[in-house]
Amino acid sequence: MTQPVPPLSAGPLAPYASDPARSRGRRHSEAEAPTRTAFQRDRDRVIHSTAFRRLVYKTQVFLNHEGDLFRTRLTHSLEVAQLGRSIARSLQLNEDLVEAIALAHDLGHTPFGHAGQDALNACLKALSAQATPGDGDSWGFEHNLQSLRVVDELEERYPAFDGLNLCFETREGILKHCSRANALRLEQREPGGVAARFLNGGSPSLEAQLCNLADEIAYNAHDIDDGVRSGLLTIEQLGEVELFDHYRRTALDAYPRLNGRRLLFESIRLMLSDQVYDVIDTTRSRLHAAGVGSADAVRNSPPLVAFSDAMRERSQVLKTFLFRNLYRHPQVMETTDRARRVVVDLFERYLHSPEELPEAHGRRRDTARAVADYIAGMTDRFAIREHERLFGAVLFP
């Protein structure tokens, strides 16, 4: 009979890093793996999950059929993981936990990006006036909360439990935002659990904080790339954004004849590198000033992983530019409107004709939530095909 294996350590970590040997554990007790730490095991479970594979056909900004080289939720998650691990290594944080959180943070995202999320939220909120207090159908839809639902309940891979049974620290990082109403509901189910900080104050682990910032760094950079690739943005337009234009000029100083995509890539590369260095330097200073000596002390401190004030200000200008010129571009908005129609139509059809749902969803008593779970799990192209099957309308020729 196999002997119990003691928890593996992650190697040299800073005292304020998350140590898998001191994890707060899993919701369902399991024996330790003999060759992997708890956080490595979490990462592997995420990678092998059905929800992770679906990310390859879920929208970041541009729908999959609009071009083969645009980012998807999968490639975005990989970029977040790469940036996160690079920063974690310099700060002596737990790289495996960072990677597990980064790869899992968008598992609950709907098809069609934020358009799908907003449409599902509106559909569920419209039912809330009719719902019995405490009914799950009145929760609305938050993609961070849905990611937690995926890893806690919806994945069906193991005989002993639903979900992936991830560690507390990974689940904590996945739930990076949560409304107070939903935090109260989660707290009732799991007292002192992953939602407690949204009610009592405090911060998550440094690894979770890092993933949140790496997410922002990644999507700002790759949305510039995808925006220019799509023709909706130009390098000349981006000249009004000081953060980007500084690195464009730096690239041209080093390579005066640089132009086109090479100029774009070099500008983005320099911008990414400088943002990474800024986060490392600023976080080191904050950690020193706070004097935190343990992962528990981090949770009782204000957020410590951050940009410098100057970089935060310049990053915000970039985000505002992208919102105005890319995310609200008429061409993107036209696609967004069609995507919302697909989600709303599917929700209403399934809600009133649950026999159209797969058997596992159709026999659930919480019909509206079952519908939301089913739609949220769809890829863009499956949602489009399902809409064409049920309504005969070709919205995305």
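Computed from a predicted model, the values in this text were never measured in an experiment.
- Relative to the ring axis of Phe112, Arg340 does not place its NZ or CZ within 45° and under 6.0 Å from the centre.
- Salt bridge Lys58/Asp380: absent, no basic N to carboxylate O contact under 4.0 Å.
- Under the 6.0 Å cut-off for aromatic ring centres, His76 and His105 qualify, their centroids lying closer than that.
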For this session: Report the C-alpha distance between Arg248 and Glu236 in whole Å, list the side-chain angles of each, state the deciding distance to 0.1 Å, and finish with yes or no for salt bridge (Lys or Arg N to Asp or Glu O under 4.0 Å).
Result: CA-CA 10 Å; Arg248 182 191 66 84; Glu236 290 70 30; over 6 Å; no

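- Residues His143 and His177 place their aromatic rings such that the two centres sit no closer than 6.0 Å.
- At distances below 3.5 Å, at least one donor-acceptor pair connects side-chain atoms of Glu142 with backbone N or O atoms of Ser179.
- With hydrogens and angles disregarded, a donor-acceptor distance shorter than 3.5 Å links the side chain of Asp278 to the backbone of Ser308.
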For this session: Walk me through it: do Glu169 and Ser205 pass the test side chain to side chain donor-acceptor pair (under 3.5 Å)?
Result: CA-CA 7 Å; Glu169 292 79 6; Ser205 70; over 6 Å; no

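- In this structure, His109 and His114 have perpendicular ring planes: the angle between them is above 60°, well past the 30° mark.
- Listed for the Thr110 side chain is no donor-acceptor partner under 3.5 Å among the backbone atoms of Ala376.
- A donor-acceptor contact shorter than 3.5 Å is absent between the side chain of Thr75 and the backbone of Arg71.
- Contact detail for Val80 and Ala102: the closest heavy-atom pair is CG1-CB, 3.7 Å.
- Distance alone, capped at 3.5 Å, is enough to place a donor-acceptor pair between the Ser230 side chain and the Gly227 backbone.
- Cation-pi contact between Arg312 and Phe307: absent, since separation from the ring centre below 6.0 Å together with deviation from the ring axis within 45° is not met.
- Considering every non-hydrogen atom in both Cys178 and Leu186, the closest pair reads SG-CD1, 4.2 Å.
- With Glu266 as reference, Leu270 is the one residue of Leu264, Leu263, Leu270 to meet the side-chain contact (heavy atoms from CB on, under 4.5 Å) rule.
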